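Below: one structure, written as C-alpha cells.
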Amino acid sequence: MTLQFSLASIAPATVDSACVMVGVYEQGVLTSAAAQLDDASGGAIRRQIESGDISGKAGSTTLLFAPAGITARRVLVVGLGAQKSFDAARFQKVNIEAARALGRLPVADAVSCLSSVDVPGRDSAWRVRIAALASDYAAYRYTATFKPRDRSKQVELARLTFAGGDEAASGLAQAVAIAEGVRFARELANLPPNICTPAHIAAQAQAFADGHDKVSCNVLDEVAMEKLGFGSLLAVGRGSVNKPRLIALEYKGGNDGDKPYAFVGKGVTFDSGGISLKPGAGMEEMKFDMGGAAGVLGAFVAAVKMGLKLNLVCVVPAVENMPDGDSYRPSDVLTSLSGLTIEVLNTDAEGRLILCDALTYTAQTYQPQALIDAATLTGACVIALGKHASGLMSKHDDLAAELLAAGEETLDRAWRLPLWDDYQAQLDSGFADVANIGGKSAGAITAACFLSRFTDGQRWAHLDIAGTAWDEGRKGLATGRPVALLAQWLLDRE
Ligand code: BES
Ligand code: MN
Ligand code: ZN
C-alpha cells in the first residue's frame, strides 16, 4: 500500500487525526507546535520533560495517548536534539525516526508538524519534500517473497498530512514522484537473484514503458549483442544460464532535436566473483550488485513521474557473474565494443567490463549531453567513504559540482575522489590495451580510470555506490540511493 500525502495549515490542538507529531529540542525548548499542544493540554508535554521522560534527544519519540484538551487521539513527541546545531541532515533523520515510530502504531492517518520546524537555509518546499521522502522511506515494507498474509485487519498508515501552505506544494509533488522512483529501485534491488534475473529487469523496464506515454524500451539479447560486438559484457555473462540483456529506456519529455541526458547503471544480478570466486561469508549481499541499475531506473521513473521537459535515456547492462565450465577466466583477452582489448586479471572485477561496453553503446547511439553511470563497483570505495557518501569521479569540474550540489540538496550525498591521469599506469597490461584491475591502492579510482578509457570525448561522471546502495547485515534492505541525487540533478537541468 502506498502512503498518500497532503498539505494543510495545521492548528495542532484542534486537528482531527489519529496522531499529531510535534518536535521538541533538548533542554526543554519547545517548537511552536509543541508549545501550542502543551498550552491546550495544561502542560502535558512540559510535565514529561520535567520528569525526564522526554529528553529531546535527536530521533527519540514519546507517545501521549488521548491527552486532555487536544482533539487528536495521540501526540507523538519527537526529539530534535540541540537547537543550536539543528541542521538539514538532522531534520531528515528525525523525520525518518518519527515515521518509524508512527509505523509501529495502529493508526491509519496522521498529521506532522515537523515540516514547520525551522531549518537554516532551507524553505518550506524543501522541508516538506524531505519530510515526505523520509516518511515514505520508513513506510516501505519488503513483502515480495514472504508467504502471503491477510493484512486487511492490520491498521497501516495510509494518509499523512504535513503542515505547510501553497508555497510547499511543488516540494510535495516532487517528493511523490521521487518516492515512486525510490520504491521502484528498492523493490527491484531487494528481490533475490533467482527472481531478479537480467530478463526480469528487462521485463520491468518494458512494463514501465508500456504504461507510460513518451517512454519506449529497447532490449538487446545476447544474439543481438554478439552481432554488435559486445565482447566484454558477453564474456562476463557466459558462465550463467541467466543470459545477459542490454536494456535501453528512452523518455521524450523535451524537444525532438534536444540531445538526451544519459544514465548507465551496473546490473549484475548476482556477483559470485566468477572463477575468481568470492569468499562465502557475505556473498549473499552480492544480489545487490544491480543497485546501480535499480538506481538509474528509479531516477528514470522519478523523471517521468515529474513530467520533466527534457530527453533522457537509461541504459542497463544486466548480467549474472557465475563460475562455470564456459566462464571467462583470468588471463583471457577480450575485445570490447570500442575495439580496445582488455586483459582479464580478475573475473571479480566484472562491473567495469559490462559498463565499458554499455558506455560505448550509449555514447555512440545517443550522443548524450551528459553521461552518468552508477555502480556498486568497488569494495575500496566502501573502505574510503563508508556508507554515508557515494564516490564521485569525473574529469569535468562543472558536472562534478552539479552532482555534488544535487547530493547536498537531497542529502543523498556524494564525495569527489580524484581521477588524475597519474593513476592510469596502474592499468598497464603486457597483453592487451588495458588490464581490468589496477592493484591494491586506490581501487575505487583505478576502476573509474578503466571506465574513463571508454568515455573519451563524453561529458561523463561516475558514481560508485558500493557503500550507499544497501544497508549491510542480515536484514539490510536496498536504500534506493542515488535516485534522489540523480532526480535532483535532472530537476536542476530542466
Ligand atoms: N560488486 C563488487 C564490489 C563490491 C564489493 C560492492 C563489496 C559492495 C561491496 C565488484 O564487482 C568487485 O568484486 N570488485 C572487486 C574489484 C577487485 C577485484 C579489483 C573488489 O572491490 O574487491
Ligand atoms: Mn565483482
Ligand atoms: Zn560486482
Side-chain angles (χ1 to χ4, degrees), residues 189 193 196 198 201 232-233 235-240 242 244 264-295 316-323 327-332 342-358 373-391 393 417 423 426-429 434-451 462-473 476-479 481-482:
C196 186
I201 300 178
S232 185
L233 185 157
V236 176
R238 230 170 50 213
S240 174
N242 298 310
V264 172
K266 173 179 173 182
V268 174
T269 60
F270 186 71
D271 181 13
S272 69
I275 295 299
S276 313
L277 193 65
K278 285 182 181 294
M283 201 199 277
E284 71 284 354
E285 295 197 8
M286 285 299 118
K287 75 167 184 178
F288 293 118
D289 211 18
M290 35 60 72
V316 167
V319 312
E320 186 174 39
N321 187 23
M322 294 290 269
S327 284
Y328 80 131
R329 43 181 110 53
S331 75
D332 278 358
I342 303 163
E343 183 185 18
V344 178
L345 292 175
N346 190 319
T347 64
D348 198 12
E350 84 298 340
R352 62 198 77 181
L353 295 177
I354 67 168
L355 287 168
C356 67
D357 279 355
D373 78 79
T376 51
L377 204 60
T378 65
C381 192
V382 192
I383 301 296
L385 296 173
K387 67 202 199 82
H388 302 290
S390 301
M393 282 146 271
L417 299 172
Y423 293 96
Q426 287 179 240
L427 295 172
D428 284 352
S429 162
V434 62
N436 84 325
I437 57 173
K440 237 172 65 179
S441 63
I445 295 170
T446 54
C449 283
F450 180 92
L451 299 178
H462 161 63
L463 285 167
D464 193 330
I465 59 167
T468 54
W470 72 91
D471 288 324
E472 68 211 326
L477 291 173
T479 59
R481 293 178 71 179

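Everything numeric in this text was worked out from a predicted model, so none of it was measured. For ligands, and for the atoms within them, numbers begin at 1 and follow the listed sequence.
Here's the thing with Gly379: one of its N/O atoms is less than 3.5 angstrom from an N/O atom of ligand 1. Looking at Asp289 next to ligand 1, an N or O pair under 3.5 Å apart turns up. Considering backbone and side-chain atoms together, Asn346 places no N or O closer than 3.5 Å to any N or O of ligand 1.
Side-chain N or O atoms of Asn346 include none that pairs as donor or acceptor with a backbone N or O of Asn436 at under 3.5 Å. In this structure, Arg481 contributes its side chain and His388 its backbone to a donor-acceptor pair below 3.5 Å. Without hydrogens or angle criteria, Asp289 side chain to Val268 main chain gives no donor-acceptor distance under 3.5 Å.
Per-atom contact check: atom 21 (O) of ligand 1 touches the protein, criterion being a heavy-atom distance below 4.0 Å.
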Tell me, with the steps shown, if Ile437 and Thr446 meet side-chain contact (heavy atoms from CB on, under 4.5 Å). CA-CA 7 Å; Ile437 57 173; Thr446 54; over 6 Å; no
Worked check of side-chain hydrogen bond (donor to acceptor under 3.5 Å, both in side chains) between Asp357 and Ser232: CA-CA 7 Å; Asp357 279 355; Ser232 185; 4.5 Å; no
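Considering every non-hydrogen atom in both Gly391 and Leu385, the closest pair reads CA-CD1, 3.5 Å. Across all their heavy atoms, Leu377 and Arg352 have their closest contact at CD1-N, 3.7 Å. For Val316 against Gly267, the heavy-atom pair with the smallest separation is CG1-CA, 4.5 Å. Residue Ala435 comes nearest to Leu345 through the heavy atom pair CB-CD1, 3.8 Å, listed as atom of the first residue, atom of the second, then distance. For the residue pair Tyr423 and Ala442, the shortest heavy atom distance occurs at CE2-CB, 3.7 Å. Taking all atoms of both residues into account, the shortest heavy-atom contact from Phe270 to Met322 is CD2-SD, 4.0 Å.
Taking all heavy atoms of Ile437, Leu353, Thr446 into account, the minimum distance to atom 19 (C) of ligand 1 is reached by Ile437.
With 2.8 Å as the limit, Lys266 counts as an N, O or S neighbour of the Zn ion (ligand 3). Taking backbone and side chain together, Asp348 holds no N, O or S atom under 2.8 Å from the Zn ion (ligand 3).
Neither the backbone nor the side chain of Glu285 has a heavy atom within less than 4.0 Å of ligand 1. Proximity of Asp271 to ligand 1, defined as any heavy-atom pair under 4.0 Å, is confined to the side chain (atoms from C-beta onward). Contacts of Leu377 with ligand 1, taken as heavy-atom pairs under 4.0 Å, involve the backbone alone.
Which parts of ligand 1 touch Thr376 is read off a 4.0 Å heavy-atom cut-off, strictly below it: atoms 1 (N), 2 (C), 3 (C), 6 (C). Under a 4.0 Å criterion applied to the non-hydrogen atoms of Glu350, ligand 1 contributes the atoms 11 (O). Every atom of ligand 1 is numbered from 1 in the order shown, and the set under 4.0 Å from a heavy atom of Lys266 is 1 (N), 10 (C), 11 (O). Contact atoms of ligand 1 toward Lys278: 12 (C), 13 (O) (distance under 4.0 Å to a heavy atom of the residue).
Remark: distances from the non-hydrogen atoms of Trp470 to ligand 1 include one below 4.0 Å. Taking 4.0 Å as the cut-off, Met286 counts as a neighbour of ligand 1 on heavy-atom distance.
What sits closest to atom 6 (C) of ligand 1 on the protein, heavy atoms only, is Ala466 CB, 3.6 Å. Among protein heavy atoms, atom 15 (C) of ligand 1 sits closest to Asp348 O, 4.0 Å. Atom 16 (C) of ligand 1 has Arg352 NH2, 3.9 Å as its closest protein atom, hydrogens excluded (heavy atom only).
Nearest to the Zn ion (ligand 3), among the N, O or S atoms that Glu350 has, is OE2. The Zn ion (ligand 3) is closest to atom OD2 of Asp289 (considering only N, O or S atoms). For Asp271, the N, O or S atom closest to the Zn ion (ligand 3) goes by the atom name OD2. Take the N/O/S atoms of Glu350: the one nearest the Mn ion (ligand 2) is OE1.
Screening Thr376, Thr347, Asn321 for a side-chain hydrogen bond (donor to acceptor under 3.5 Å, both in side chains) involving Asp271 leaves a single residue, Asn321.
Atom CD of Glu472 sits in a sparse spot, with 12 or fewer heavy atoms from other residues, nucleotides or ligands closer than 6.0 Å.
Vertex the Mn ion (ligand 2), arms ending at O of Asp348 and OD2 of Asp271: the angle is 170° after rounding to 10 degrees.
Asp373 and Lys266 are not joined by a salt bridge, as no carboxylate oxygen comes within less than 4.0 angstrom of a charged side-chain nitrogen.
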